[in-house]
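Here is the structure we will look at.
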There are 2 protein chains.
Amino acid sequence: FATRRMFPAFKVRMSGLDKKAKYIMLMDIVASDECRYKFHNRRWVVAGKADPEMPKGMYIHPDSPSTGEQWMQKVVSFHKLKLTNNISDKHGYSILNSMHKYQPRFHLVRANDILKLPYSTFRTYVFKETEFIAVTAYQNEKVSDV
Amino acid sequence: FATRRMFPAFKVRMSGLDKKAKYIMLMDIVASDECRYKFHNRRWVVAGKADPEMPKGMYIHPDSPSTGEQWMQKVVSFHKLKLTNNISDKHGYSILNSMHKYQPRFHLVRANDILKLPYSTFRTYVFKETEFIAVTAYQNEKVSDV
DNA sequence: CTTTTTTACACCTAGGTGCCAAAC
DNA sequence: GTGTTTGGCACCTAGGTGTAAAAA
């Protein structure tokens with residue numbers, strides 16, 4: 001069983017925020033489709049129906065809450081998000097099924113305080129290009145060749 | 001301006017929790033009295049009225065939420081709590097006035113999820129023996145002699 | 001003079017990394 | 001044989017540590 005950070009990390013650059021207001025940023029990961037994949041002849045191919053998914057929590061960016069000004073002045077990186085394939089993990093990391101396809105989602109909330117989160121409006125953004133297949137070992141040689 | 005962890009760390013050992021229920025643990029720091037202190041002839045003596053206090057946030061223990069069973073199986077340490085004397089700190093660390101007396105407080109909340117925190121009942125505990133005076137450099141030789 | 005703050009820096013440590021060999 | 005998972009391990013890095021000297 002392995003627990004590692006997501007690589008490469010999910011990163012966003014923000015603009016148009018209210019400089020003075022405070023924001024909380026979150027992300028989560030949802031299953032993309034109902035398939036299990038395999039890596040055959042250097043290609044990803046569907047290999048049956050997906051395994052059941054574990055419930056996944058919300059990952060709150062550790063700099064939350066911060067002002068719009070602070071968020072906008074550098075790229076916001078979620079590199080500390082941890083993934084695992086250990087279904088009995090107790091640390092609250094995102095539990096993914098290996099060889100399944102996932103979609104990260106980004107949530108922006110205007111709130112002064114984590115305690116106010118549940119009262120607040122979530123704005124959710126999905127970037128299709130961040131979709132990925134979870135693996136236990138890199139399949140693409142180009143990744144290790146960096 | 002310095003930002004360091006609190007030393008020694010605030011630690012609690014838990015018992016009597018519901019093993020299956022999930023809990024969130026928090027701590028904060030409040031001013032103990034209205035005095036400023038000085039270290040004179042190897043003793044702490046009152047040296048005037050306290051400076052104004054900055055608002056202090058709640059520090060959520062990073063293992064939150066976890067089950068009663070997990071919390072009880074080892075000492076719960078808040079060693080990652082950060083203190084600073086930088087009044088314009090933007091990281092959400094606890095901003096303390098040096099040479100002032102403070103009281104840490106511990107909060108226990110039964111909740112599955114950080115999003116449910118504001119709906120939930122806080123049980124707050126104060127341990128008088130954890131009161132301390134904030135400093136920028138150790139005054140007691142016994143600390144450095146360890 | 002005493003007390004307190006700041007800065008710098010070498011040291012250390014926890015934890016994250018790729019990579020490999022073995023197991024499955 | 002193929003594809004996938006696991007565990008180990010040397011390496012590296014971010015960040016926390018005390019200490020001491022200088023500044024205030």
Side-chain angles (χ1 to χ4, degrees), chain A residues 1-10 35-48 50-51 59 62-63 74-75 77-89 91-101 132-146, chain B residues 1-10 35-48 50-51 59 62-63 74-75 77-89 91-101 132-146:
Chain A
F1 283 128
T3 123
R4 303 238 162 173
R5 293 177 174 185
M6 185 169 163
F7 179 84
F10 186 89
C35 305
R36 155 179 278 279
Y37 290 80
K38 65 184 298 192
F39 194 72
H40 189 67
N41 290 133
R42 301 165 158 239
R43 286 172 167 278
W44 287 108
V45 293
V46 173
D51 296 328
Y59 175 77
D63 292 352
K74 55 179 191 292
V75 172
S77 169
F78 287 84
H79 62 281
K80 289 190 178 172
L81 175 86
K82 282 185 185 167
L83 307 177
T84 186
N85 60 340
N86 183 352
I87 56 166
S88 51
D89 180 87
H91 299 281
Y93 307 149
S94 276
I95 304 171
L96 304 185
N97 289 323
S98 188
M99 321 310 282
H100 288 59
K101 195 179 279 186
F132 66 94
I133 293 174
V135 293
T136 55
Y138 295 138
Q139 304 291 357
N140 186 339
E141 301 156 4
K142 287 178 190 164
V143 174
S144 19
D145 289 358
V146 175
Chain B
F1 283 125
T3 124
R4 302 239 162 172
R5 292 177 174 184
M6 184 169 163
F7 178 85
F10 185 89
C35 305
R36 153 179 278 280
Y37 290 81
K38 66 183 299 191
F39 194 72
H40 189 67
N41 290 134
R42 302 164 157 238
R43 285 171 167 280
W44 287 109
V45 293
V46 174
D51 296 328
Y59 175 78
D63 292 352
K74 55 179 190 293
V75 172
S77 169
F78 287 83
H79 63 280
K80 288 190 178 172
L81 174 85
K82 281 185 185 168
L83 307 177
T84 185
N85 60 340
N86 183 353
I87 56 165
S88 52
D89 180 88
H91 300 280
Y93 305 150
S94 276
I95 303 171
L96 304 185
N97 289 323
S98 187
M99 321 310 282
H100 288 58
K101 195 180 279 187
F132 66 94
I133 293 174
V135 293
T136 55
Y138 296 138
Q139 304 292 355
N140 187 339
E141 300 156 4
K142 287 179 191 165
V143 174
S144 19
D145 289 359
V146 175

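Below, each value reflects all heavy atoms present in this structure, side chains not excepted, and no hydrogens, waters or symmetry copies. Proteins get letters first, then strands, A, B, ... in listed order; numbering begins at 1 in each.
Taking side-chain N and O atoms only, B:Gln139 has a distance below 4.0 Å to OP1 or OP2 of C:dT4. Side-chain nitrogen and oxygen atoms of A:Ser98 include at least one within less than 4.0 Å of the OP1 or OP2 phosphate oxygen of D:dT5. Phosphate proximity of D:dT4 to A:Asn85: absent, as no side-chain N or O sits under 4.0 Å from OP1 or OP2. Remark: B:Lys82 is not in phosphate contact with D:dG15, judged by side-chain N or O atoms under 4.0 Å from OP1 or OP2. Phosphate proximity of D:dT2 to A:His40: absent, as no side-chain N or O sits under 4.0 Å from OP1 or OP2.
As judged by a 4.0 angstrom heavy-atom cut-off over every strand, B:Asn86 is placed among residues making no nucleic acid contact.
Rounded to whole angstrom, the span from the NZ atom of A:Lys80 across to the P atom of C:dG16 amounts to 9 Å. Rounded to a whole Å, the CZ atom of B:Phe78 is 20 Å from the C1' atom of D:dG16. Rounding to whole angstrom units, CG of residue B:Asn41 and P of C:dT4 are separated by 11 Å. Atoms CZ (A:Phe1) and C1' (D:dG8) sit 17 Å apart, rounded to a whole Å. Here the P atom of nucleotide C:dT17 and the CG atom of A:Leu83 are 10 Å apart, to the nearest Å. Look at OH on A:Tyr138: it is 14 Å from P on D:dT5, rounded to the nearest Å. The distance from atom CE of B:Met99 to atom C1' of D:dA24 is 15 Å, rounded to the nearest whole Å. Across the protein-nucleic acid pair, B:Arg36 atom CZ and C:dT4 atom P stand 8 Å apart, rounded to whole Å.
Applying the Watson-Crick and G-U wobble criteria (two distances, each under 3.5 Å), D:dT13 pairs with C:dA14.
Closest approach to the B:Arg5 side chain among D:dG16, C:dG16, C:dT5 is made by D:dG16 (side chain taken as heavy atoms from C-beta onward). Each of C:dT4, D:dT4, D:dT6 was ranked by its minimum atom distance to the side chain of B:Lys38; first place goes to C:dT4. The side chain of A:Ala137 approaches D:dT5 more closely than any other nucleotide in the set D:dT5, C:dT3, D:dT6.
In this structure, B:Ser98 and B:Arg36 approach most closely via the heavy-atom pair O-NH2, 4.3 Å. The heavy-atom pair separating A:Asn97 from A:Asp51 by the smallest distance is ND2-O, 3.5 Å.
Between the CE atom in B:Met99 and the CD1 atom in B:Ile133 there is a gap of 7.5 Å [rounded to 0.5 Å].
Ring pair B:Trp44/B:Tyr37 is perpendicular by interplanar angle, where above 60° counts as perpendicular and below 30° as parallel.
With hydrogens and angles ignored, no donor-acceptor pair closer than 3.5 Å exists between the side chain of B:Arg4 and the base of D:dG15.
Panel note: side chain B:Thr84, backbone B:Ala2; a donor-acceptor pair is recorded below 3.5 Å.
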